[in-house]
Each structure stands twice: as C-alpha cells, then as structure tokens.
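The residues of the chain are indexed from 1 along the displayed sequence.
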Amino acid sequence: MDQNQFIGFNPADLPTPCFVIDEGALRRNLSLLKEVQDRAGCTVLLALKAFACWPLFPLIKEYLPGICASGPHEARLGREEFGGQVHTYSPGYTDGDLHEVLGLSDHVIFNSFHQWNKYKEICLPLRDKTSFGLRLNPRQSEAEVPLYDPSSPGSRLGIIKDEFRPEDLEGISGFHFHNLCEQDLAPLKRTLKAIEDQFGPWIKQMKWVNFGGGHHISKPGYDREGLIRIIRDFRQKYGVEVILEPGEAIAIHTGVLVTTVLDVVKNEIPAVIMDASVSCHMPDVIEMPYRPEIWGAGNPGEKAWDASLGGRSCLAGDSAGIYSFEKALLPGDRLVFDDMSHYTMVKTTTFNGVPLPSIALYNPETRQTRVIRRFGYDDFKGRLG
C-alpha cells in the first residue's frame, strides 16, 4: 500500500477481525476516475459487485454519478443509498427480479435475445424512463485466470456473433461488454477491436456502449491518457455515450483487514491461527488464487521466522500461505492484510459460524478510526431460517 496511506493508524485500537477503509485513499482513486470521466466525456459508475460499503456512498457521489448492479438487491441499495443513476445487468432475470429491477433502474441490460424477447412487451412501454441494452461476448479471452474470463469457451455471459440477431434490436438502445479483470489498456484495445470487427455495423444504431469493468485505471503506470483518447475516438466514430463500470479501480489500495493471533501450533513449520478466516473473509485468496500482502511480513526465508497463517474455521485449506517475520508471532499480536476492500468485503461468509469482520473508517486528516458496524449471532442465524 502507498506509504502515504494510513499514516497514524493504530491496528491495536480496533476490535478484530475488522475491515478498515482509508477515506483519503478512496478520494485519491475517485479523483483519478473523475479526471478520466471529465476529460473523456464518458460516464463512470461504481460497480457494487466489487465495493458496496454504502456508508461511503455520499463520498463517492461527489465524484461519480451512479452505480451498476447485478440484480434487484444491488439495484435497490444503489437507488436507496446512492441516489444517482442505476444500471443493472444480470445473466438471467426471473419475473420477480425484472419487475423490481424495472422500478429501480435507468439502464437494464439483458444477457441474451431470448431474455430480451421474453420481456420485450413489458419493457417497450417504459422506454421513456428506462434504456435497454444487450451484453455482447467478443470471444476475446484476456483474463489471466479462467475463473474470471467472460470470454472463455462455452461462456454463458453475453451474445456471440453467431447468435446475434439484428432483426430483434427493436427497443435496444445500447450494447454492453465486460471482458477484463484488473488489466491495463492493451487488453481493452484488443477487446474493443474484436467488438468493432464483429458488431460494428450495429453500434451506430445505439445511443450508448458500456465498456464494463476490469479497467485498472487507478493503478500506478496505467495509461490514462491512452484510455481518454480511446474513449474520445470511439464516441466520435459512433456517436454514442461511453460508460465504464470499474470496481477495483475505485477501491484498490484503500482498505485493510486487521486480525489477531489466537494461537501458534507447533508442527514441521509453526502454524499461526488468526481470528480472521481466509475462506470466510478473504475467499479470493483461495479462489483466484493469490497471496495477500501483510504489513511487515516477507516471503518464506526472507526474514528470521517462518510460519503458515490460517484462519479459525475447520476447513483444512483455510490458509493464506507461508510468511516470514522479524520475530516469532505470539498470541495477541496484530496482523494487517493489505488491499482488502475490493472484491473482499462483498464476498464474506459465515461458514462454520465464524463471525463477520467489523467495518471501520479511517480519516487521515483527523487520524481517527471509527467502527461503523459490528456483526454477531443474529447475522449468522438470520441467513439460515
């Protein structure tokens, strides 16, 4: 994490496990996104699937005009707590889902012509207040991890060229594609070329094109000038509005997960048990997989003392991996996992009855940390009956 973030923050002041979000870091990311939005003349939305800490919506709304949702619950959260634009896409709507989504959304995007035609008669009378779109699948694989590749062979996400039916475009105002996963500009260029090559003749009939998410805009070294040029050129070429839906670019490097060491078990290598759980609180570590950074820790053998770090669930694989430390960890020590805001807080579970982490906000100007939510037994019980 940037050395200018979390200055004055003391992990010992918190109940654990606890997510902590640096409001100053969030503002820095948002400033970069707003610059792109203003200079490129596009619309940038907050993707709730990546970051949905709604007490921070008033701050985010200072920079961005709305949210994108993946169904009625996210759409409702966006409408009630953000209050700006709501754009909703789902791979499949039920009758109940669509009825609710239509009452909440400014844009509604369908995954297939079958779903569009199924609900077309309901949607067409609403075109004065709601814009409808279709998701396209360019079959241009760019994501490095197959789990996160919307263009993988046999993907259910979006319409491929062979299944595209121009005769069914009545009432459709825009196209949507989402093909990236925390990536730089070159994959977007290749994806955009594939979209234009396959669907270009019909883009000029549209009012907007949504480039989806996965754009690593706030990452140091990302070519934001190049992105601005691409968006401007695309808008001029086709006469459409361009929309972006970044998730990680908004919340990356804004938050940490603080945990306490509960025990150190002796084995071939010392095994640390934390009050946080990797499988419950950091599931992408296992799904992706990836190795999260820990403040002050190193790779195996890099420092004086090596240990494996695991959570308190009964899952044998509830582990973050092996780390090294300057000295042996003891029960009561605090560990800080870096970069735990995006695609982490939204994915937590209560498997095994492990409590959810508390949520806190850190203000770098006042150097004050305040806990805004604690979770307990009722949150676990309420999910199960």
**OP:** Output yes when E248 and K219 qualify as a salt bridge under the 4.0 Å nitrogen-oxygen rule, no when they do not.
**Re:** no
Original post:
Thinking salt bridges, do D106 and R79 make one under a 4.0 Å N-O criterion?
Top reply: yes
**OP:** Using side chain to side chain contact (heavy atoms under 4.5 Å, CB included) as the criterion, point out the one residue from R374, H281, M345 that pairs with P357.
**Re:** H281
Original post:
Going from CZ on R139 to CG on N179, what distance comes out if it is rounded to the nearest 0.5 angstrom?
Top reply: 12.5 Å
**OP:** Evaluate the salt bridge (Lys or Arg N to Asp or Glu O under 4.0 Å) criterion for residues D38 and K34: first the C-alpha distance (whole Å), next the side-chain angles of each, then the deciding distance (0.1 Å), finally the verdict.
**Re:** CA-CA 6 Å; D38 292 347; K34 189 175 189 305; 2.7 Å; yes
Original post:
Is there a donor-acceptor pair closer than 3.5 Å between any side-chain N or O of D379 and the backbone N or O of G376?
Top reply: yes
Original post:
Take atom NZ in K207; do more than 12 heavy atoms of anything else shown fall under 6.0 Å from it?
Top reply: no
Subject >> Test item: S155 and N137 side chains (from C-beta on) under 4.5 Å apart, heavy atoms >> reply: yes
**OP:** Please indicate whether Q115 has more than 12 foreign heavy atoms, meaning atoms of other residues, nucleotides or ligands, lying under 6.0 Å from its CD.
**Re:** yes
**OP:** Assess whether atom CD of E268 is packed by more than 12 heavy atoms of other residues, nucleotides or ligands within 6.0 Å.
**Re:** no
Original post:
Should the ring pair F234 and F211 be called parallel, tilted or perpendicular, given that the plane angle runs from 0 to 90° and is split at 30 and 60?
Top reply: perpendicular
**OP:** Assess the pair F380 and F375: is the distance between their ring centroids shorter than 6.0 Å?
**Re:** no
Original post:
Are K193 and D197 within salt-bridge range, i.e. N to O under 4.0 Å?
Top reply: yes
Original post:
Taking everything shown except E80 itself, do over 12 heavy atoms lie less than 6.0 Å from its CD?
Top reply: yes
Original post:
Would you say the side chains of D284 and Y148 form a donor-acceptor pair under 3.5 Å?
Top reply: yes
Subject >> Residue pair Y238 / E196, side-chain donor-acceptor N/O under 3.5 Å >> reply: yes
Subject >> Carboxylate-amine/guanidinium proximity below 4.0 Å for D223 and K189 >> reply: no
**OP:** Say whether R291 and N299, considering side chains only, have a donor N or O and an acceptor N or O under 3.5 Å apart.
**Re:** yes
**OP:** If the plane angle is over 60° it's perpendicular, under 30° parallel, otherwise tilted; pick one for F6 and Y362.
**Re:** parallel
Original post:
Is the closest side-chain heavy-atom distance between I250 and L64 below 4.5 Å?
Top reply: yes
Subject >> T254 and D22 side chains, donor-acceptor separation under 3.5 Å >> reply: no
Original post:
Between F164 and W202, does the ring centre distance come in under 6.0 Å?
Top reply: yes
Original post:
Does a salt bridge link R224 with E35, judged by any charged N lying under 4.0 Å from a carboxylate O?
Top reply: no
Original post:
Got a donor-acceptor contact below 3.5 angstrom from the D333 side chain to the L330 backbone?
Top reply: yes
Original post:
Thinking salt bridges, do E170 and K120 make one under a 4.0 Å N-O criterion?
Top reply: yes
**OP:** Answer yes or no: are there more than 12 heavy-atom neighbours, outside K204 itself, under 6.0 Å from its atom NZ?
**Re:** no
Subject >> Geometric class of the F110/F132 ring pair [parallel <30°, tilted 30-60°, perpendicular >60°] >> reply: tilted
